[in-house]
Each structure stands twice: as structure tokens, then as C-alpha cells.
Amino acid sequence: MISNMSFFERIIYLLQNYGVSYMKGAGTTLVIAIVSTFIGCVIGFAVGIVQTIPLDEKRDSLLKRVVIRAIKVILRCYVELFRGTPMIVQAVFIYYGAAQLFNITLGMWQSAFLVVSINTGAYMAESVRGGIISVDPGQMEGAKAIGMTHFQAMINVIMPQAFRNIIPQIGNNFIINIKDTSVLSIISIVDLFFVHKSVAGALYTYFESATIVMAIYLCMTVISSKLLNLWEKFLDGSENFELVDNMDIGNQMNKAKRKGGR
Amino acid sequence: MAENNRILTVSHLVKNFGTHEVLRDIDFTVDKKDVISIIGASGSGKSTLLRCINLLETPTGGHIYYHDKDITDAKMDIYGYREKVGMVFQNFNLFHNLSVLENCMVGPIKVKKQKKDRARELAMTFLNKVGMDQYINAKPRQLSGGQQQRVAIARALAMEPEVLLFDEPTSALDPQMVGEVLNVMSTLASEGMTMLIVTHEMAFARDISSHVVFMADGVIEEEGSSEDIFVHPQKDKTKEFLSRFRNL
């Protein structure tokens, strides 16, 4: 029956019969992308901030310098490892490997969140570091000059500005995550791509199903980037500001107007 | 000058960037209510000297004493010290993420742990003094250079420092804006603020300073009262440097 249909009829047929499955798959994809991007950002910020801690040869104790150096090396390894290997291999490695090697049984959901999060974290760490470096060094000097510690300056002055510079990268990572969760079907996560494979395999409608799935992916990414743009605009604040009327000129002028009117 | 009036003593200060000697054996003192101008050609080490005093640069050798405490000592609480020594930068360095009022409140609240009301009151007092109290809701990028620099001065004052360091505060401004910033500085000087000013505004330095330091090639070439330096300079380098400024 389906073999007699035209291209558009097939698409309508698929949507009528499998629409809910596609939507569920898209939902799964979105949930993994949102949660993992969020966790990844937290990891990325932590790593990026630690990596930009300056060390003062003269004032910091030897112990503090050694500990921070060691942590920085470990974090560097983490970034290189997860940036430098494909996520699909990491997923297999963690889902199947962790159970065998360390006797930890991770569910596929836990594995999925874990893999995408630490992957995003590795990329975000570099973006955050770049964001911090890109803030004018004068800002840190201004903060130091009024007696702020490095930490106080980071919280109150540097990070709010760096964060603004990093948002496009967060958006980038989120959109990459929406698309790249498709590799998680290898550990049986029923995401949008997994639904496509099932439907297409059962009815031999590869082209039609792929069309639907591409449209859904595109919708998700375009809407996301639009929302992110709005968020950026919101954070940039108003272009205008109001003068404070400390001499009560406004009231006096109103009074004068009323007098004149009478 | 009585010993208890002394705020800063710079002794045999040396600063190298790699093999390049920027400051050699600098000695001078800052007493309460002093207004000291540091003049000299670009690259003579004036700004570096100021940055060493605030420990934005770590001195290579020598000592800087704040009252009796050696701030070049590794155990010194540099954050507490910097609260007491305000700095105004050439490029203002206002915090871009904060409004004018917040710029002046963040130090007192976060560093001095003051109550918000008190910090606001203090910030408003100083913003009023520099004539920027109307602009408290503006962000730094919405202001002109002269306005930004006046806010930067208010921010430094809000920490209630003992000394204010000015690192070429008018060099990034056009002539019209220079005036508004210099006026604020003159007011501060007349009110007894202790100030250390690196500047290229010779007429201003001449009129405002209780003491003038002329630097050349990383050393203090000549120092003395405003009259000593501007009217009766002794050294050839000083004479040559000042001869380039016509309207003195």
C-alpha cells in the first residue's frame, strides 16, 4: 500500500502513524541536550576559572602552588582527552567499558548524560578560558586597585563580562548537542535519530523519514538560536539611561507650567 | 616633616622587565597632604613607579614602606594595603558590567564589608563631589571620557584612601574634557587629599604641586618645590625637557 503512495503522501502517512514517536524522540533529544549543556557549562566554568588562577611566586606558599599546578595539569588532560576523541567512542567506552573495567553499572540514561556533559565541559572549558582572557586586563587592575582579591574580582567584575562573551559559545554547544545526541542511538537511547532508524527500517521509507527528521532537527536548532539571541539582547540591557533629577527640576517645571496655564 | 605624617617611603626601588632596567635606585617619600607630581618623558619609568607603589608591578629590588610596614614583604596583606592607596588609571578601568553607582559601591561593600545603605550614601557623596551624581544609572560605555574619569575618581575616593595615585589621568582625553578632570583634582588637592600624580599637564603640575619629581631614564633626575623645578631648574635634562613646553 505504501509503495503506491507519492512522496508527500508517504510523509503524511508517516506523520499520522509515527508522529508521536517522532515527537517523543525529539523530546528525548532536547532533554539530553538541555541537561547536558547545562551540566557541561557548570563543568566548563569551573575548569576555565581554575585554569586562569594566577600564581604569585613570592606570596603564595609552595604547597598552594604545587597543588594548583597539579590540578591544572589534570584538568588539561581532561580537556585534551574528551576534546580529542569522538563522542560515539566515548559513549561506547563508558556504557560498555565502565561495567567491565570498574564493575560500575551505568544505565544508558546515566551514560548518555555523562558522556554529553563531560564532552560539553571539555569544549566549554576552553571557551570560558578564552572568555576570561578576552576581558580587558584593565578591569582586573581596576578591581585590584580597590583591594579586591583575585576571587572577588572574578565574581564581581571579570566573570559577568566574560559570561557575556561566552554566551554565543554556549549557544553553539547547545546546537551541537542537539545534533550530536544522534550518536547516542549506539547505546540504545531512543532519541530522534533512533526513531528515524526504526521507522525507516520497518517501512523502507528512508528518504521520507529523513526529510521529517531533518525538518525537526532544523526547527529545534533555529528556534534555539533565536531564543539565545533574545537572551543576549536581554543581558545587554537598555541602550538608554535616565538622569537622576536631584535638583527637582522636573517638579519645578511642572509647577511653572501649571502657573502659566492659569 | 614629623615622622607620623609620613605615609609612604620608597627606598632604593629597582624594577627590571627582563634585562631592561626601568627603575634604578628610586628614593622618595610621601607625607600627609603632599601633592606630588611626577613628570618626565614617556618611557622614563613614571607609570611603572606608580604601579610598583600599588603593587600592580612587583618591584625587583628595594623597599616600599607604608607607615612602618614593608609592603614588598611577602607576608604583607596587599589587599588591605591597596584599600588605603587608591589608583586612577589612564584608561579609567571602570567596571563595564556595573552602573556608575555600582562602580562606586562595589569596593566598599565587597572589600570593606560596609552596609549597603552606608556604601550608597558614601558613593553619592563622592559622585556629587565630582559632579556625576545625575548619572548614577548610566553604564560606563554611555559616558564621555571625562565623565568616566570623574566616576573613576569617585570610585577611588569611596574607598576612603589615604593616598590617591593618578596614572596620567588626562592622557586619554580631549582638551575640553581635560579641564573637567583637572578641576576635580584641584578641588581634592585644596581639601588636603594626599596625591601622587603622573602627568604631562605641565601647567597643572606647576600650579597644584607641593613637590615635583622629574624623572629621566629610570632615575629621579631632579626634585624640589614647584618653583625649584619650573622656574629654577638646575640640571640640563630638566631644562631641556621643560623647554619643550611653551606656555609655562
Side-chain angles (χ1 to χ4, degrees), chain A residues 54-65 131-132 134-167 232-253, chain B residues 51 54-59 72-104 106-112 124 127-128 132-143 152 155-156 158-159 161 165 167:
Chain A
L55 287 175
D56 187 335
E57 295 284 330
K58 200 173 158 191
R59 289 176 200 280
D60 292 333
S61 67
L62 183 68
L63 181 70
K64 184 182 168 189
R65 289 195 327 246
I132 291 171
S134 71
V135 174
D136 170 19
Q139 296 287 306
M140 183 53 100
E141 290 192 346
K144 279 183 176 171
I146 56 171
M148 284 193 190
T149 60
H150 175 77
F151 188 70
Q152 284 174 327
M154 286 302 272
I155 296 290
N156 295 300
V157 178
I158 307 298
M159 283 319 290
Q161 294 180 48
F163 185 67
R164 173 62 189 83
N165 297 342
I166 296 164
I167 291 173
E232 274 183 46
K233 279 219 178 96
F234 170 74
L235 282 180
D236 281 345
S238 168
E239 279 298 309
N240 305 310
F241 64 94
E242 284 191 7
L243 286 182
V244 175
D245 189 2
N246 56 356
M247 288 165 67
D248 205 27
I249 294 168
N251 259 332
Q252 285 171 14
M253 278 174 69
Chain B
R51 292 167 60 83
N54 206 7
L55 291 177
L56 286 175
E57 304 287 353
T58 310
T72 53
D73 183 10
K75 291 189 193 79
M76 176 75 191
D77 167 26
I78 58 170
Y79 306 109
Y81 165 72
R82 282 188 184 135
E83 274 179 45
K84 291 284 159 207
V85 181
M87 179 120 173
V88 175
F89 297 89
Q90 181 175 357
N91 297 317
F92 330 128
N93 292 350
L94 287 177
F95 306 136
H96 294 309
N97 55 317
L98 301 177
S99 73
V100 164
L101 183 62
E102 289 165 336
N103 260 283
C104 298
V106 67
I109 291 175
K110 301 291 176 187
V111 179
K112 291 177 88 177
M124 286 308 294
L127 283 169
N128 190 9
M132 287 300 293
D133 49 341
Q134 278 196 301
Y135 295 85
I136 52 173
N137 298 323
K139 286 280 173 71
R141 67 187 148 89
Q142 295 164 325
L143 301 177
R155 176 178 73 180
M159 296 300 290
L165 312 177
D167 186 9

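Per chain, numbering begins at 1; letters A, B, ... match sequence-line order. As the structure is a computational prediction, the values presented were derived from the model and not from experiment.
Both the backbone and the side chain of B:Phe95 come within contact range of chain A, judged by heavy atoms closer than 4.5 Å. At a 4.5 Å heavy-atom cutoff, the contact between A:Asp136 and chain B is made by side-chain atoms alone. With a 4.5 Å cut-off on non-hydrogen atoms, B:Leu55 touches chain A through its side chain but not through its backbone. Heavy-atom distances place both the backbone and the side chain of A:Gln139 under 4.5 Å from chain B. For B:Asn97, the parts lying near chain A are the backbone and the side chain together; criterion is any non-hydrogen pair under 4.5 Å. Of the atoms belonging to B:Val85, it is backbone heavy atoms, and not side-chain ones, that fall under 4.5 Å from chain A.
A:Asp56 CG to B:Ile78 CD1: the interatomic distance, rounded to the nearest 0.5 Å, is 6.5 Å. One distance of note links CZ of B:Arg82 with CD1 of A:Ile146; it measures 11.5 Å at 0.5 Å rounding.
When each of B:Lys110, B:Arg155, B:Met87 is scored by its heavy-atom pairs under 4.5 Å with chain A, the top score falls to B:Lys110. With chain A as the partner, the residue from B:Leu98, B:Leu94, B:Val88 showing the most heavy-atom pairs under 4.5 Å is B:Leu94. Between chain B and the options A:Gly142, A:Ala143, A:Pro160, the largest number of non-hydrogen pairs under 4.5 Å is found for A:Gly142. Taking chain A as the reference chain and counting heavy-atom pairs below 4.5 Å, the highest number among B:Tyr135, B:Tyr79, B:Phe92, B:Phe89 is found for B:Tyr79.
More than 12 heavy-atom neighbours from other residues, nucleotides or ligands sit within 6.0 angstrom of NZ on B:Lys139.
Remark: the backbone N or O of B:Leu56 is not paired with any side-chain donor or acceptor of A:Glu141 at under 3.5 angstrom. The closest donor-acceptor contact from the side chain of B:Asn93 to the backbone of A:Gly138 lies under 3.5 Å.
In terms of heavy-atom proximity, B:Val111 sits nearest to A:Gly147 at CG1-O, 3.7 Å. Counting all heavy atoms, side chain and backbone alike, B:Val106 lies closest to A:Met148 at CG2-CE, 3.6 Å. Listed here is the closest heavy atom pair of B:Asp73 and A:Arg59: O-NH1, 3.0 Å.
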